[in-house]
Visitor: 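I am attaching a structure below and will ask some questions about it afterwards.
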Amino acid sequence: MKNIIPLFILALLFSCQNTAQVNSEQQAVINAEPVKVPLKNGKARAYFASGCFWCVEAIYESIKGVEESISGYSGGHTKNPTYAASNTGRTGHAEAVEIIYDPKIVSFETLVDVYFGSQNVTQVNGQGNDRGPQYRSIIFYQNDAQKQIILKKKEALAKKLGVKIAAEIYPFQKFWVAEDYHQNYERLHPNNSYIRNVSIPRLNRFKAKFPELLKNNH
């Protein structure tokens, strides 16, 4: 027992130090200066996380002015995150989407409205049965103007609903594209049980709520 106790204490101390380091690294992400992504061919980019990226990707791709929605990871402190690593909840990353859109057709403000209007805004660390920090809601800003838009909309929604809004607000740093098999997952796997029971119902609820924003208005 004399040897076991000191080893246990050392292991505990190492674990605490490691946790403190991770927390410090994650705090640095939250406190960082935002990275602005320049227009490319007249298209802008925006980044959101609100649960399973299969669901969120399909929602944004239904919006007029959105050219493409890409599934990936953002908001964490590790480099080159993978699906397996992010699912541990220890990388700090959340499943996120990169929205490529035409700002002449759809504004960042509208994309924020879509974000808040397509999820359970009160659920912390998840959406539905998808639970864990990798499924938490984060909305990313690239400059102060975007940050103010997000803050005002979040505050107004909290006041309107009388609830605490779970979405975190992060400065955008980097988006890591997810593995190929995650891209366009809902469109390519319509008979998948998760897609049928979770993703499609979530998309249909959104469509019923915002018909005026949909491509071809349907």
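Computed from heavy atoms alone, side chains included, the values below leave out hydrogens, waters and symmetry copies. We count residues from 1, following the sequence as given.
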Visitor: Using the rule given for ring-ring contact (aromatic ring centres under 6.0 Å, His included), can you reason through Tyr60 versus Tyr115, listing the C-alpha separation, both sets of side-chain angles and the distance that settles it, and then say yes or no?
Guide: CA-CA 9 Å; Tyr60 275 101; Tyr115 173 81; 7.7 Å; no
Visitor: With a 3.5 Å distance limit and no angle check, can you tell me whether Asn192 reaches the backbone of Ile195 through a side-chain donor-acceptor pair?
Guide: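 Between the backbone of Ile195 and the side chain of Asn192 there is a qualifying donor-acceptor contact (under 3.5 Å).
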Visitor: Dump the intermediate steps for side-chain contact (heavy atoms from CB on, under 4.5 Å) on Ile138 and Ser74, then the final yes or no.
Guide: CA-CA 9 Å; Ile138 310 174; Ser74 197; over 6 Å; no
Visitor: Check Gln123 against Ala166 and note the closest heavy-atom contact, atom names and distance.
Guide: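 So the minimum-distance heavy-atom pair works out to O-CB, 3.3 Å.
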Visitor: When hydrophobic residues are tied together by side-chain contacts of less than 4.5 Å, even through go-betweens, does Val124 share a cluster with Ile165?
Guide: no
Visitor: Which heavy atom of Ser86 sits nearest to which heavy atom of Gln134, and what is that distance?
Guide: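 Looking at all heavy atoms of both residues, the shortest contact is O-CB, 3.3 Å.
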Visitor: Going by heavy atoms in the side chains, are Ser62 and Lys207 under 4.5 Å from each other?
Guide: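 Counting from C-beta outward, Ser62 and Lys207 do come under 4.5 Å.
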Visitor: Testing the basics here: between Gln146 and Gln142, what is the closest heavy-atom pair and its distance to 0.1 Å?
Guide: OE1-N, 2.8 Å
Visitor: Same cluster for Val114 and Val112 if Ile/Leu/Val/Met/Phe/Trp/Tyr side chains link at under 4.5 Å?
Guide: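 The answer is yes; both residues are in one hydrophobic cluster.
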Visitor: For the backbone of Val97 and the side chain of Ser71, can you confirm whether one donor and one acceptor N or O come within less than 3.5 Å of each other?
Guide: no
Visitor: Anything under 30° is parallel, anything over 60° is perpendicular, the rest tilted; go ahead and classify His189 against Tyr185.
Guide: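 Parallel, since the angle between the ring planes stays under 30°.
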Visitor: Return yes if some donor-acceptor pair links the side-chain N/O of Lys64 with the main-chain N/O of Glu212 below 3.5 Å, else return no.
Guide: yes
Visitor: I'd like to check the ring pair (Phe, Tyr, Trp, His ring centres under 6.0 Å) partners of Tyr141; sequence neighbours left out, ordered by chain and number.
Guide: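 For Tyr141, no residue satisfies ring pair (Phe, Tyr, Trp, His ring centres under 6.0 Å) once neighbours in sequence are set aside.
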Visitor: Would you check if the side chain of Lys215 reaches a backbone N or O of Val66 as a donor-acceptor pair within less than 3.5 Å?
Guide: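 Such a contact is found between Lys215 side chain and Val66 backbone.
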Visitor: Are the side chains of Cys52 and Tyr194 in touch, meaning some heavy atoms are under 4.5 Å apart?
Guide: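 Yes, at least one pair of side-chain atoms sits under 4.5 Å.
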Visitor: Do Arg196 and Asn191 come within less than 4.5 Å of each other through their side chains, counting heavy atoms only?
Guide: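 In contact.
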Visitor: To check you understand the geometry: which heavy-atom pair defines the closest contact between Ala85 and Thr88, and what is its length?
Guide: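 In this case the closest contact between Ala85 and Thr88 is O-OG1, 2.6 Å.
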Visitor: Check whether Arg202 reaches the backbone of Gln119 with its side chain - one donor and one acceptor, N or O, closer than 3.5 Å.
Guide: no
Visitor: Establish whether Val163 and Ile139 are linked, either directly or via other cluster members, by ILVMFWY side-chain heavy-atom contacts under 4.5 Å.
Guide: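 Same hydrophobic cluster.
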Visitor: Decide yes or no for His77 and Ser24: does some side-chain heavy atom of the first lie under 4.5 Å from some side-chain heavy atom of the second?
Guide: no
Visitor: Can you give each donor-acceptor pair under 3.5 Å made by side-chain atoms of residues 28-43, sequence neighbours left out, with the distance rounded to 0.1 Å?
Guide:
{"from": "Asn31", "atom 1": "OD1", "to": "Gln27", "atom 2": "NE2", "distance (Å)": "3.3"}
{"from": "Asn31", "atom 1": "ND2", "to": "Gln27", "atom 2": "O", "distance (Å)": "3.3"}

Visitor: Would you mind reporting whether Leu111 and Phe48 have side-chain heavy atoms less than 4.5 Å apart?
Guide: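 Yes. Closest side-chain heavy atoms under 4.5 Å.
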Visitor: For residues Phe140 and Phe108, report the shortest heavy-atom separation together with the two atoms involved.
Guide: O-CZ, 4.1 Å
Visitor: So with a 6.0 Å cut-off around CD of Gln148, is the heavy-atom count from everything else above 12?
Guide: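 It does: Gln148 CD has more than 12 such atoms within range.
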Visitor: Just to verify, what does Glu57 make a salt bridge (Lys or Arg N to Asp or Glu O under 4.0 Å) with, not counting sequence neighbours?
Guide: none
Visitor: Flag the pair Cys55 / Val198 as yes when at least one side-chain heavy-atom distance between them is below 4.5 Å, and no otherwise.
Guide: yes
Visitor: Please enumerate all residues that pass ring pair (Phe, Tyr, Trp, His ring centres under 6.0 Å) together with Phe206, with sequence neighbours excluded.
Guide: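 Residues passing ring pair (Phe, Tyr, Trp, His ring centres under 6.0 Å) with Phe206: Phe210.
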Visitor: With side chains defined as the heavy atoms from C-beta onward, is the minimum distance between Trp54 and Glu95 less than 4.5 Å?
Guide: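 Side chain of Trp54 against side chain of Glu95, heavy atoms only: no contact under 4.5 Å found.
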Visitor: Please round to the nearest 0.5 Å and tell me the distance separating atom CZ of Arg45 and atom OH of Tyr101.
Guide: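 Between Arg45 CZ and Tyr101 OH, I get 10.5 Å after rounding to 0.5 Å.
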Visitor: Take atom CG of Asn129 as the centre, draw a 6.0 Å sphere, and report whether it contains more than 12 heavy atoms from other residues, nucleotides or ligands.
Guide: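 At most 12 heavy atoms, drawn from other residues, nucleotides or ligands, come within 6.0 Å of this atom.
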Visitor: Just to verify, what does Asp102 make a salt bridge (Lys or Arg N to Asp or Glu O under 4.0 Å) with, not counting sequence neighbours?
Guide: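 Not a single residue meets the salt bridge (Lys or Arg N to Asp or Glu O under 4.0 Å) criterion with Asp102.
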Visitor: Mind checking whether Thr82 and Glu179 have side chains closer than 4.5 Å, heavy atoms only?
Guide: yes
Visitor: Would you call the rings of Phe172 and Tyr47 parallel, tilted or perpendicular, taking 30° and 60° as the class edges?
Guide: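 Geometry flag for Tyr47 against Phe172: parallel rings.
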Visitor: Quick one: salt bridge (Lys or Arg N to Asp or Glu O under 4.0 Å) partners of Lys153, sequence neighbours excluded?
Guide: Asp113
Visitor: Between the side chain of Glu67 and the main-chain N/O of Ile100, is any donor-acceptor distance below 3.5 Å?
Guide: no
Visitor: For Asn204, look at atom CG and say whether over 12 heavy atoms of other residues, nucleotides or ligands are found less than 6.0 Å away.
Guide: yes
Visitor: Under 3.5 Å, is there a donor-acceptor pair between the side chain of Glu98 and the main chain of Phe175?
Guide: no
Visitor: Transitively linked via ILVMFWY side-chain contacts under 4.5 Å: Ile70 with Tyr83?
Guide: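 No, Ile70 does not connect to Tyr83 through the hydrophobic network.
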Visitor: Report the distance from atom NZ of Lys160 to atom CD of Glu155, rounding to the nearest 0.5 Å.
Guide: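 It is 15.0 Å, given to the nearest 0.5 Å.
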Visitor: According to a hydrophobic-cluster definition based on side-chain heavy atoms being under 4.5 Å apart (Ile, Leu, Val, Met, Phe, Trp, Tyr only), do Leu214 and Ile105 belong together?
Guide: no
Visitor: Using modelled atom types and a 3.5 Å cut-off, is there a donor and acceptor pairing between side-chain atoms of Glu25 and backbone atoms of Gly76?
Guide: no
Visitor: Determine the minimum heavy-atom distance between Ile59 and Leu203, stating which atoms define it.
Guide: CA-CD1, 3.8 Å
